[in-house]
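Here the structure is laid out as structure tokens; the discussion comes afterwards.
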Amino acid sequence: MALSQMLLMLCNGFDERLILAMARARPSRTGEAIMADKTEDPTEMFRRLWSEQATALQQMLSPLMPGFVPPGLDPQEMTGWLESSRKLQGLWLDFQQELVNEGKDPHPFANVTKWLDYLEMFYEQLPLGNADTRQRLCDEGLALWENVLAQYGMGPNAGAGSTPALPRSDRRFADPRWQNQPAFAILHQTYLMLSDQVQAAIDAMEGLNDEKRDQLRFAARCMVEALSPANFPTTNPVVIERTLETRGENLVRGMEHLLSDLRHGQLSHTDKSAFEVGRNIAVTPGKVVYETPLFQLIQYSPTTETVLETPLVIFPPWINRFYILDLNAKKSFVRWAVEQGLTTFMVSWKSADASMAEIEWDDYIRAQIEAINVVRERLKVPAVHAIGYCVAGTTLAATLSILARRGQADKVASATFFTAQVDFEKSGELKYFCDGPALTLADQLSEKGYLDGRYMAATFNALRGKDLIWSYVINNYLLGEDYPAFDLLFWNGDSTNLPARWHHNYTRQLYRDNLMVVPDRLEADGTPIDLTRIETPCFIQAGREDHIAPPESVFRATRHFRGPTRFMLAGSGHIAGVVNPPSLHKYQYWTSEPPYTTYEDFVAGAREHPGSWWPYWIEWLHSFGTETVPAKGKRAPGGKGDKVIEDAPGRYVMEH
């Protein structure tokens, strides 16, 4: 009996059309023979599993091929399949013609068979270890199959047929249809077992330091996530059911989504047509009051009669758009800060193009100093409060060091760091992209003088592949579902380009070599950088679940700054841990009374507080002075005699 036929027997509840497709799968060795012959290479069983999937994929898609007439279909049903076939073929051929017209090669994965060959090639590279490990894998696999089959009343250990209690669980397979049929139960349980074995094999490898082992774990995890049976149309029961119900219309809609993403070179996460910057995103009123080729400076209009004398300047990361801090009225940190009586300025960075090829870290540090000086001069104040988010926070630390070295530290009354790292020894999974081939690839992609922002978007997506890549492949490509309208995901997809020289040096000097914490090892604008010279009071925020700037890494700034620091741990991650307005009553934050010298010490003594940390932060900010001034004159941008450039959010944020 072929393995495909054995699986067919397990699937007696399937739709007849799927059974017909599976029954036509090519013969292979019998399941019984594979189970009986334990001397054979144990990976053969799993290789055959992939082979059967490839065959089944061809069979399921065959009704969508021109000229195919499935047996047993009534004319009305046949019309539906043929219409889907026509649409699919037309979409793909039109796309291929577009590539030809643009002088590009046809897409390399147009051939399904070739794509499956690549998949099998990756599978064969799985680190399954030595012969003993492979034998143990075989034994565990056979035991798993017997255990699962027994729970469905099959095999020598058949049980009473109660609700199956499968040995492994994963939310990707939470839908009951993964358990309703023993074939899909065996399939996803085998996959989960293989996933565990791959990671175990890496853990057992000798001669690897911790950094290389972690890097290999990450690479293997990405590959294993890609090979999930949930990601393929014939091994996902939810997709199979949808395809049969709609006669392939879901695949047509999915193809439309896929081709749209291929044209834009980026995976979609949301309905982009639902949002427009300046219309329902980044709408807090304000004016662009200053501009350079690298940045625009936005000043927001006051909503209170008086404002705090010391203004606030926010430096967002240039890896993303600034409006993460101004998504909408309910989620806007900018609007909230203005409502608290803060004269608020925001830097909007220009997305890099070929003219910015020589831009480096020095330029961003000079830009921060320039923005600080412009605000001081505009409002006639001695100092500002400054916020630096992510990479701009790292840069703010360098700026503070340089100002201190030049005897100008008093220009900044306080500094706040949102999820910013200065010590990169424990900088998390992003470090895996800052060594060897990944850096070489980034350099190759930067030949025009800038790194396309879509590369960075793909990098961040890969850190959470299950959530940010494969769930969208399933929902939007395979199931053909429409995209939701979600402002945060719109921002996430609005990528910015990075100057080639800056990216080249930053990834090597900071992430790879961790030179920022070595006094005077780096310099900018002719001034050495020494973090121990920073005496400015600092508020350091980290996200408990942040995978981009891990909290234990962010905490390390407290070891290098000489002045008073206050560390605060927010619930959630890199974005939601920052953008958590009080009105939403979400998440929590933790504070701890000093002394604490390590992140573990902080956590051990931490006290949890419900809701947003923003009020806690503004209370800290008020400790440096609560003097107010009338919100008039240049405190209200664009008034009489105040020459401004344009309305917020400005031009730079619109450019790509």
Looking just at side-chain N and O atoms, do [X] and [Y] make a donor-acceptor pair shorter than 3.5 Å?
| X | Y | value |
| --- | --- | --- |
| Tyr477 | Asp261 | yes |
| Arg512 | Tyr506 | no |
| Asn476 | His257 | no |
| Tyr191 | Asp170 | no |
| Gln421 | Ser427 | no |
| Trp318 | Thr496 | no |
| Arg508 | His504 | yes |
| Asn236 | Asn231 | no |
| Thr440 | Asp443 | no |

Chi angles and distances behind the salt bridge (Lys or Arg N to Asp or Glu O under 4.0 Å) call for Asp467, Arg171: CA-CA 11 Å; Asp467 298 325; Arg171 57 189 173 88; 2.7 Å; yes
Pair [X] + [Y]: basic N to acidic O under 4.0 Å:
| X | Y | answer |
| --- | --- | --- |
| Arg213 | Glu206 | no |
| Arg221 | Glu225 | yes |
| Arg559 | Asp423 | no |

Check against side-chain hydrogen bond (donor to acceptor under 3.5 Å, both in side chains), Asp494 and Tyr323: CA-CA 10 Å; Asp494 191 5; Tyr323 61 82; 2.6 Å; yes
When you compare the side chain of [Y] with that of [X], does any pair of heavy atoms fall below 4.5 Å?
| X | Y | value |
| --- | --- | --- |
| Glu425 | Val517 | no |
| Ser268 | Tyr472 | no |
| Leu488 | Ile324 | yes |
| Pro237 | Trp178 | yes |
| Tyr389 | Thr419 | yes |
| Asn497 | Leu451 | no |

Once side chain to side chain donor-acceptor pair (under 3.5 Å) is applied, do any residues pair with [X], and if so which ones, sequence neighbours excluded?
| X | result |
| --- | --- |
| Tyr364 | none |
| Thr416 | Trp617 |
| Trp361 | Thr395 |
| His609 | Thr591 |

Candidate list Phe561, Phe315, Phe567, test ring-ring contact (aromatic ring centres under 6.0 Å, His included), partner Phe417, passing option: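 Only one option passes, and that is Phe561.
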Under the side chain to side chain contact (heavy atoms under 4.5 Å, CB included) rule, collect the residues that match up with [X], sequence neighbours excluded.
| X | answer |
| --- | --- |
| Arg454 | Gln266, Asp452, Ser495 |
| Ala570 | Gln541, Met568, Trp613 |
| Asn180 | Pro176, Arg177 |
| Arg263 | Phe95, Glu98, Leu259 |

Quick one: salt bridge (Lys or Arg N to Asp or Glu O under 4.0 Å) partners of [X], sequence neighbours excluded?
| X | result |
| --- | --- |
| Glu140 | Arg168 |
| Arg242 | Glu481 |
| Arg544 | none |
| Arg217 | Asp203, Asp214 |

Check: [X] side chain, [Y] main-chain N or O, donor-acceptor pair, under 3.5 Å:
| X | Y | answer |
| --- | --- | --- |
| Asn209 | Lys212 | yes |
| Ser612 | Asn580 | yes |
| Lys431 | Phe424 | yes |
| Ser446 | Ala500 | no |
| Trp145 | Ile186 | no |
| Asp546 | Gly573 | no |
| Thr270 | Pro484 | yes |

Phe433 and Phe218 aromatic ring geometry - parallel, tilted or perpendicular at 30°/60° bounds: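 Perpendicular, since the angle between the ring planes exceeds 60°.
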Aromatic plane relationship, His503 with Tyr455 - under 30° parallel, 30 to 60° tilted, over 60° perpendicular: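 Perpendicular: the ring planes of Tyr455 and His503 meet at over 60°.
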Ring pair (Phe, Tyr, Trp, His ring centres under 6.0 Å) between Phe486 and His269, worked out: CA-CA 8 Å; Phe486 190 10; His269 292 123; over 10 Å; no
Steps toward side-chain hydrogen bond (donor to acceptor under 3.5 Å, both in side chains) verdict (Thr597, Asp601): CA-CA 7 Å; Thr597 58; Asp601 289 341; 3.1 Å; yes
Atom NZ of Lys272 with >12 non-hydrogen neighbours under 6.0 angstrom: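 Atom NZ in Lys272 is crowded, with more than 12 foreign heavy atoms closer than 6.0 Å.
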Atom NE2 of His547 with >12 non-hydrogen neighbours under 6.0 angstrom: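 Yes.
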For a quick test of reading the model, state the closest non-hydrogen atom pair linking [X] to [Y] and the distance between them.
| X | Y | result |
| --- | --- | --- |
| Ile365 | Ala398 | CD1-CB, 3.7 Å |
| Leu267 | Leu468 | CD2-O, 3.2 Å |
| Thr507 | Cys434 | O-CB, 3.8 Å |
| Val554 | Ile540 | CG1-CG2, 3.6 Å |

Verdict with reasoning, Lys426 to Glu211, per salt bridge (Lys or Arg N to Asp or Glu O under 4.0 Å): CA-CA 10 Å; Lys426 301 292 184 181; Glu211 182 176 338; over 6 Å; no
Between Phe418 and Phe333, ring centroids under 6.0 Å: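 Yes, close enough.
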Residue pair Phe602, Leu569: steps toward the side-chain contact (heavy atoms from CB on, under 4.5 Å) verdict: CA-CA 9 Å; Phe602 174 89; Leu569 184 65; 3.8 Å; yes
